[in-house]
Amino acid sequence: MCGICGWYGKNAGSAVDSMLPQLEHRGPDSSSSWSEGCVALGHTRLSILDLSSAGNQPFYHPSGQVVGIVNGEIYNYPELRKKLELEGAKFKSNSDSEVVIHAYLHWGLDSFALFNGMFAVALYDRRDRSLILVRDRLGIKPLYYCASEASFSFASEIKAILTSSEKKRWTIDADGLSQLLTYGNMFENKTLFEGVSLITFDAPCKVYQIQ
């Protein structure tokens, strides 16, 4: 289990710095971030594959075109890695998460359908300045987001979003609360907080253009 988070908007770097401590319990082995202008990504790591520092995230494609963070496991990464290496991809680690970066740059959005595993992924594509959020088909790994006129944030846990927000008071989502009390779960993209949504397995990919 790892933790991922990100921010688009004013003071992106400091916003992610405030989010990371909320996710340290998910990834106690390392904590790091990347920022560029109004975009920042953060990751807390639980080391499973490639225990060396080469497996620390965020991962950067050698071309500099894509930066990404991953929470989860890609079970068929050896097969995908071999295919990518035959196409000229150069890896710096033995981590399954690094395969995600190379696969996206090679196959684009179609790459996510090739992954067999449980994962939540965030990629920043410098070519068109887009932010891509993806979650596995069964929704095993959580990924929440909050969009406003001034900023866009996401994280593996809601509390990281609430901590970084300039909002001081949050309103309970009545539908989300009703679903939780009635069924013991929430459906579609509902959460307990108005304005905070969940990336769902039936619509796993959200693309936001960063202007």
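Residue numbers start at 1 and run along the sequence shown.
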J.: Side-chain contact test, heavy atoms from C-beta onward, threshold under 4.5 Å: evaluate it for Glu85 versus Phe91 and give yes or no.
T.: yes
J.: Transitively linked via ILVMFWY side-chain contacts under 4.5 Å: Leu181 with Leu192?
T.: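 Hydrophobic grouping puts Leu181 with Leu192.
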J.: Let me see the working for Leu109 and Ile132 under side chain to side chain contact (heavy atoms under 4.5 Å, CB included), right down to the final yes or no.
T.: CA-CA 9 Å; Leu109 296 177; Ile132 300 104; 4.1 Å; yes
J.: Check whether any side-chain N or O of Asn11 sits under 3.5 Å from a backbone N or O of Ala15 as a donor-acceptor pair, and report yes or no.
T.: no
J.: Donor-acceptor check, side chain of Ser165 to backbone of Ile161, threshold 3.5 angstrom: yes or no?
T.: no
J.: Compute whether any side-chain donor of one residue and acceptor of the other, for Asp125 and Tyr104, lie under 3.5 angstrom apart.
T.: yes
J.: Indicate the ring-plane relationship of Phe112 and Phe115, choosing parallel, tilted or perpendicular according to the 30° and 60° boundaries.
T.: perpendicular
J.: CG of Leu177 to NZ of Lys190: how many Å apart, nearest 0.5 Å?
T.: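 Spacing of CG (Leu177) from NZ (Lys190) equals 11.5 Å.
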J.: Between Glu87 and Lys83, is there a salt bridge with N-O shorter than 4.0 Å?
T.: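 No.
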J.: What's the verdict on side chain to side chain contact (heavy atoms under 4.5 Å, CB included) for Leu131 and Leu133, showing C-alpha distance, side-chain angles and the deciding distance?
T.: CA-CA 7 Å; Leu131 180 65; Leu133 304 181; 4.3 Å; yes
J.: Can a donor-acceptor pair be found, under 3.5 Å and without considering hydrogens, that links the side chain of Ser151 to the backbone of Gly9?
T.: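 Not a single qualifying donor-acceptor pair exists.
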J.: For Trp107, does its backbone N or O pair with a side-chain atom of Ser111 as donor and acceptor, under 3.5 Å?
T.: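 Answer holds: no.
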J.: Donor-acceptor pair, distance only, cut-off 3.5 Å: does the side chain of Ser178 make one with the backbone of Ala174?
T.: no
J.: Drop me the distance from Glu79's CD to Ile74's CD1, to the nearest 0.5 angstrom.
T.: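 So the gap between those two atoms works out to 12.5 Å.
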J.: Closest approach of Leu20 and Cys5, non-hydrogen atoms and distance?
T.: CD2-SG, 3.9 Å
J.: Ignoring hydrogens and geometry, is there a side-chain-to-backbone donor-acceptor pair from Arg135 to Val121 under 3.5 Å?
T.: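 Answer holds: no.
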J.: Looking only at the aromatic ring of each residue, does the gap between the centers of Phe154 and Trp7 stay below 6.0 angstrom?
T.: no
J.: Can you see which heavy atom on Pro58 is nearest to which on Ser32, and at what distance?
T.: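 In terms of heavy atoms, the two residues are closest at CD-OG, 3.7 Å.
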J.: Please report the shortest heavy-atom distance between Ser63 and Leu105, naming the atom on each side.
T.: OG-CD2, 3.6 Å
J.: For a side chain to side chain donor-acceptor pair (under 3.5 Å) check, start with the C-alpha distance between Glu24 and Thr44, then their side-chain angles and the critical distance, and finish with the verdict.
T.: CA-CA 6 Å; Glu24 283 183 348; Thr44 60; over 6 Å; no
J.: Within the structure provided, determine whether Ile101 and Leu123 are in side-chain contact (heavy-atom separation under 4.5 Å).
T.: yes
J.: Distance check, rounded to the nearest 0.5 Å: Met19 atom CE versus Ser153 atom OG?
T.: 5.0 Å
J.: Test side chain to side chain contact (heavy atoms under 4.5 Å, CB included) on Ile4 and Leu143; report intermediate values, then the result.
T.: CA-CA 8 Å; Ile4 64 174; Leu143 190 57; 3.8 Å; yes
J.: With the 4.5 Å side-chain cut-off for hydrophobic clustering, are Ile140 and Tyr75 part of the same group?
T.: yes
J.: Arg126 pairs by side chain to side chain donor-acceptor pair (under 3.5 Å) with which of His61, Glu36, Gln65?
T.: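 The side chain to side chain donor-acceptor pair (under 3.5 Å) with Arg126 is passed solely by Glu36 among His61, Glu36, Gln65.
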J.: Could you walk me through whether Ile69 and Phe59 satisfy the side chain to side chain contact (heavy atoms under 4.5 Å, CB included) test, starting with their C-alpha distance in whole Å, then the side-chain angles of each, then the deciding distance to 0.1 Å, before giving a yes or no?
T.: CA-CA 6 Å; Ile69 45 180; Phe59 278 119; over 6 Å; no
J.: Should Tyr60 and Val66 count as side-chain neighbours, where that means a heavy-atom distance under 4.5 Å?
T.: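 Result no, sub-4.5 Å side-chain heavy-atom pair not found.
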J.: Considering non-hydrogen atoms only, spot the tightest contact between Ser156 and Cys2 and give its length.
T.: OG-O, 4.2 Å
J.: Hey, does the side chain of Asn76 reach the backbone of Leu114 with a donor-acceptor pair shorter than 3.5 angstrom?
T.: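 Checking the backbone N and O of Leu114 against the side chain of Asn76, a donor-acceptor pair under 3.5 Å is found.
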J.: Could you check whether any side-chain N or O of Gln179 sits under 3.5 Å from a backbone N or O of Phe187, counting only pairs where one atom can act as donor and the other as acceptor?
T.: yes
J.: Cluster question for you: counting only ILVMFWY and a side-chain heavy-atom cut-off of under 4.5 Å, with indirect links fine, are Met118 and Tyr77 together?
T.: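 Looking at the clustering, Tyr77 is in a separate group from Met118.
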J.: Say whether Ile199 and Tyr124 are linked into one hydrophobic cluster, either directly or through other cluster members, by side-chain heavy-atom distances under 4.5 angstrom.
T.: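 Cluster IDs for Ile199 and Tyr124 match.
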J.: For the side chain of Asp136 and the backbone of Gly117, is there at least one donor-acceptor N/O pair under 3.5 Å apart?
T.: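 The answer is no, because no donor-acceptor pair under 3.5 Å joins these two groups.
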J.: Between CZ of Arg129 and OH of Tyr8, what distance do you get to the nearest 0.5 Å?
T.: 8.0 Å
J.: Would you give the length of the straight line joining atom CE of Met186 to atom OG1 of Thr191, rounded to the nearest 0.5 angstrom?
T.: 6.5 Å
J.: Verify the distance criterion only: is there a donor paired with an acceptor across the side chains of Glu157 and His25 at less than 3.5 Å?
T.: yes
J.: For a quick test of reading the model, state the closest non-hydrogen atom pair linking Glu98 to Ser93 and the distance between them.
T.: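 Heavy atoms of Glu98 and Ser93 come nearest at OE1-OG, 2.6 Å.
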J.: Nearest heavy-atom pair of His102 and Ala89: which atoms, and what distance?
T.: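 Reported closest heavy-atom pair: ND1-CB, 3.7 Å.
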J.: How long is the span from the OG atom in Ser31 to the CG atom in Leu23, to the nearest 0.5 Å?
T.: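 Answer rounded to 0.5 Å: 8.5 Å.
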J.: Has His43 got a side-chain atom pairing as donor or acceptor with Val70's backbone, closer than 3.5 angstrom?
T.: yes
J.: Do you know which of Asn189, Ile158, Asp173 makes side-chain contact (heavy atoms from CB on, under 4.5 Å) with Val196?
T.: Ile158
J.: Evaluate the side-chain proximity of Trp170 to Leu162: yes if any heavy-atom separation is below 4.5 Å, no if none is.
T.: yes
J.: Determine, using the 4.5 Å side-chain heavy-atom cutoff (strictly less than), whether Val39 and Tyr145 are members of one ILVMFWY cluster.
T.: yes
